[in-house]
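Order of the sequence lines fixes the chain letters, A, B, ..., with proteins taken first and strands second; residue numbering starts at 1 for each chain. Remember, it's a predicted structure, so these values are computed and weren't measured experimentally.
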Amino acid sequence: MLTINLIRENKDFVIERLRIKNFDAAEAVEKILGLDQTRREIQSKCDQMQADMNRISKEIGSMMKEGRKDEAALAKEKTYSLKEEIRSLSERLVILENEVKTEIIKLPNLPHNLVAHGHGAEDNINVREGGSIPVLPGTALSHWDLIKKYDIIDFDLGIKLTGAGFPVYKGKGARLERALISFFLDEAVKAGYTELMPPILVNEDSGFGTGQLPDKEGQMYHVGLDNYYLIPTAEVPVTNIYRDVILDSENLPVKNVAYTPCFRREAGSWGAHVRGLNRLHQFDKVEIVQIAHPDNSYECLDQMVSHVEGLVSKLELPYRILRLCGGDMSFTSAMTYDFEVWSAAQKRWLEVSSVSNFESFQANRLKCRFRDKGEKQNRLVHTLNGSALALPRIVAALLENNQTEQGIAIPEVLKPYTGFDIIN
RNA sequence: GGAGAAAUGGCAGAGCGGUCGAAUGCGGCGGUCUUGAAAACCGUUGUCCUGCUAUCGUGGGACCGGGGGUUCGAAUCCCUCUUUCUCCGCCA
């Protein structure tokens, strides 16, 4: 959520920047400023009356004490109309505050200067690539065939137990999954992140804090009886830890990492490119989150990008890093880097990580602030997060790229974690 | 799930209808003293909205778990929700 101050003071800048995201904010901004103006006028009127009221009440207090009952009764008379007016003004105030908020919430985050204008994936900027793309023989299998061949992931069993998109990992498949989770967590801890295990059900306030609610309600599974939501990413609980928190600047950046299962409804998105592990309703992901000082949050972003790059290269996967254009970026992000790995049998790039700086956009919703030493004013922190990494497509690429006559070779770094070096 | 008790500032803990943003202690910050430190002493100490001011500031309003109500006036009374504790039951 953008701050009202920013809109008030830099109206044209806001409109201008949002054009990069192909968002026309002109009308909304005018509406917000109008509502805000009225809100402030009423606020000050209301405060004035409240001050009068407080004064009279105090006077009545001392009159009562001194036994001047008649005077007190007279003063009471005066308060009745005042009280009525305060009541109606504060009702309008609440309505206006809500209106301002509903309007502001509709505005996406401003993209960073470096973000290019663009409409979709074709306009993203290829920052760099790494690893080498393997050439497989014609007999190479897709990961969904390899999975069947070696019986390591069972989709049909998942359908029996739950439904489509809830696979059962079996034998070496389950071991590989667990190995990857441990590897990713260990790497993050080595890089200075604190490991957390958060709840995977969250309440409405948390859903609002990170921006899933109220709009993207349909993307989350909802436990109606208790009004909880299954998390679509660990970002939700891990970032919401800092909701309504004021941090010390010495403690920044806060670096947390968490493994959680992630749940996504993704209604209606089943089609050609979503076979096998490409898109699931439940999947595993290790997420890194940083709460940073606004003055150096982009250094944190670079650091996170290098961390993720380290992971894919250690796994010996061919990858590329894209800086997303305005049109392809999420609503909440100011800058996003996507990581894609090459899946040799499908012959296409698969997105395995998205690393973003949200600047103060989430922090404003979360009311997460910090104070610099010696400063009086609290400022909003910057929040950042990134997948490090999402498992299913990593598994897909590993299976496809590493297939041999003998079986699927496990990358060197994973062997201590899997306890085996080939799936056959 | 049943019965009872409670929720106050960074923490501990008073206040139970008016002068309470809130005693007191601890902690934090600034100072005096000291070569330095400790002790002692003095001062200071939250958040949000808003007006004025170039700035230091300063005026007003709100906040004592959340929401609602009673009252001229609520931390204090009433309703409701949430959470915590104690006892009982159930349970991995």
Side-chain angles (χ1 to χ4, degrees), chain A residues 1-9 32-105 197-209 213 223-229 237 240-252 254 360 362-381:
Chain A
M1 176 165 77
L2 298 175
T3 62
I4 184 72
N5 280 331
L6 180 76
I7 301 172
R8 238 184 248 153
E9 286 157 25
I32 290 165
L33 289 177
L35 287 167
D36 179 55
Q37 182 60 31
T38 323
R39 197 210 101 233
R40 281 193 293 168
E41 279 161 17
I42 290 183
Q43 166 105 49
S44 95
K45 227 185 263 176
C46 195
D47 284 355
Q48 187 54 49
M49 285 187 194
Q50 193 57 252
D52 289 346
M53 191 73 169
N54 290 346
R55 204 195 63 244
I56 295 173
S57 289
K58 247 174 212 178
E59 284 168 8
I60 292 174
S62 47
M63 286 172 193
M64 299 292 267
K65 203 164 263 177
E66 292 162 24
R68 297 183 287 162
K69 289 232 166 68
D70 296 347
E71 273 181 72
L74 216 65
K76 270 195 204 180
E77 297 284 331
K78 274 201 295 186
T79 63
Y80 297 142
S81 61
L82 201 52
K83 196 178 174 181
E84 233 356 271
E85 271 185 274
I86 290 173
R87 189 190 293 269
S88 79
L89 279 184
S90 24
E91 273 165 19
R92 275 188 70 191
L93 205 56
V94 171
I95 294 169
L96 279 164
E97 277 166 3
N98 285 335
E99 277 177 342
V100 171
K101 198 170 176 185
T102 6
E103 289 305 318
I104 274 192
I105 273 178
M197 272 197 136
I200 59 179
L201 280 171
V202 295
N203 59 29
E204 246 176 312
D205 285 347
S206 296
F208 178 82
L213 297 174
V223 182
L225 203 56
D226 297 290
N227 199 24
Y228 293 148
Y229 293 86
N240 269 283
I241 292 172
Y242 302 94
R243 171 151 49 82
D244 294 318
V245 167
I246 299 174
L247 292 155
D248 266 335
S249 62
E250 297 112 86
N251 297 332
L252 299 177
V254 174
S360 61
Q362 279 184 333
N364 190 218
R365 280 187 164 213
L366 293 161
K367 297 271 171 298
C368 178
R369 291 151 296 170
F370 75 98
R371 198 203 307 272
D372 265 322
K373 241 190 153 37
E375 292 291 319
K376 268 209 113 173
Q377 199 63 40
N378 292 322
R379 293 166 69 192
L380 292 167
V381 299

Practice problem: Over all heavy atoms of both residues, which pair between A/Asn364 and A/Met1 is shortest? Give the atoms and the distance, please. | Solution: OD1-O, 3.0 Å

Quiz item: Across all strands, who's sitting opposite B/G59 as a Watson-Crick or G-U wobble pair, both distances under 3.5 Å?
Solution: B/U50

Quiz item: Across all strands, who's sitting opposite B/G21 as a Watson-Crick or G-U wobble pair, both distances under 3.5 Å?
Solution: none

Self-check item: Identified pairing partner of B/C77, criterion: Watson-Crick or G-U wobble below 3.5 Å
Solution: B/G69

Self-check item: Nucleotide forming a Watson-Crick or wobble pair with B/C41, both distances under 3.5 Å
Solution: B/G31

Exercise. Could you state the atom-to-atom distance from CG of A/Asn5 to P of B/C48 in whole Å?
Key: 12 Å

Practice problem: Using a 4.0 Å heavy-atom cut-off across all strands, classify A/Arg55 as base, sugar-phosphate, or nothing. | Solution: nothing

Quiz item: Under 4.0 angstrom, heavy atoms only, what part of the nucleic acid is A/Ala75 near: base, sugar-phosphate, or nothing?
Solution: nothing

Quiz item: Among B/C72, B/A62, B/U50, which nucleotide sits nearest the side chain of A/Gln50?
Solution: B/A62

Exercise. Answer yes or no: side-chain N or O of A/Asp47 and base N or O of B/G61 forming a donor-acceptor pair under 3.5 Å.
Key: no

Exercise. Describe the nucleic acid contact of A/Met53 in one word from base, sugar-phosphate, nothing, applying a heavy-atom distance below 4.0 Å.
Key: sugar-phosphate

Quiz prompt | Proximal nucleotide (of B/U47, B/C72, B/U50) relative to the A/Arg371 side chain | solution = B/U47

Exercise. For RNA chain B, determine which residues of residues 88-97 of chain A have any heavy atom closer than 4.0 angstrom to one of its atoms, and list them numerically.
Key: none

Practice problem: Select one nucleotide: of B/C48, B/C72, B/U50, the one nearest the side-chain heavy atoms of A/Arg369. | Solution: B/C48

Quiz item: How long is the gap from NZ on A/Lys83 to CD1 on A/Ile56, to the nearest 0.5 Å?
Solution: 12.5 Å

Practice problem: Check the pair A/Thr38 / A/Arg92 against side-chain contact (heavy atoms from CB on, under 4.5 Å), numbers first and verdict last. | Solution: CA-CA 10 Å; A/Thr38 323; A/Arg92 275 188 70 191; 4.2 Å; yes

Quiz item: Got a salt bridge between A/Glu59 and A/Arg55, using NZ or NE/NH1/NH2 to carboxylate O under 4.0 Å?
Solution: yes

Self-check item: side-chain contact (heavy atoms from CB on, under 4.5 Å) evaluation trace for A/Tyr242 with A/Leu247
Solution: CA-CA 9 Å; A/Tyr242 302 94; A/Leu247 292 155; 4.2 Å; yes

Quiz item: What closest approach, in Å, do A/Arg365 and A/Phe208 show between heavy atoms, and which atom pair accounts for it?
Solution: NH1-O, 2.7 Å

Exercise. Taking only the side-chain nitrogens and oxygens of A/Arg40, find out if one of them lies under 4.0 Å from OP1 or OP2 of B/C49.
Key: no

Exercise. Determine: side-chain N/O of A/Asn54 to OP1/OP2 of B/G73, distance under 4.0 Å, yes or no.
Key: no

Quiz prompt | Side chain of A/Lys76 - closest among B/U50, B/C72, B/U47 | solution = B/C72

Practice problem: Look at the side chain of A/Asn378 and decide which nucleotide, out of B/C48, B/G61, B/C72, has an atom nearest to it. | Solution: B/C48

Quiz item: How is A/Ser57 classified with respect to the nucleic acid when contacts are heavy atoms under 4.0 Å: base, sugar-phosphate, or nothing?
Solution: base

Quiz item: For B/A3, what is the paired nucleotide under Watson-Crick or G-U wobble rules, both distances under 3.5 Å?
Solution: B/U86

Quiz prompt | B/A6 to B/A12 separation - C1' atoms, rounded to the nearest Å | solution = 16 Å

Quiz item: Taking only side-chain nitrogens and oxygens of A/Lys58, does any of them come within less than 4.0 Å of OP1 or OP2 of B/C72?
Solution: no

Self-check item: Note, A/Asn203 side chain near A/Asn227 side chain (heavy atom, < 4.5 Å)
Solution: no

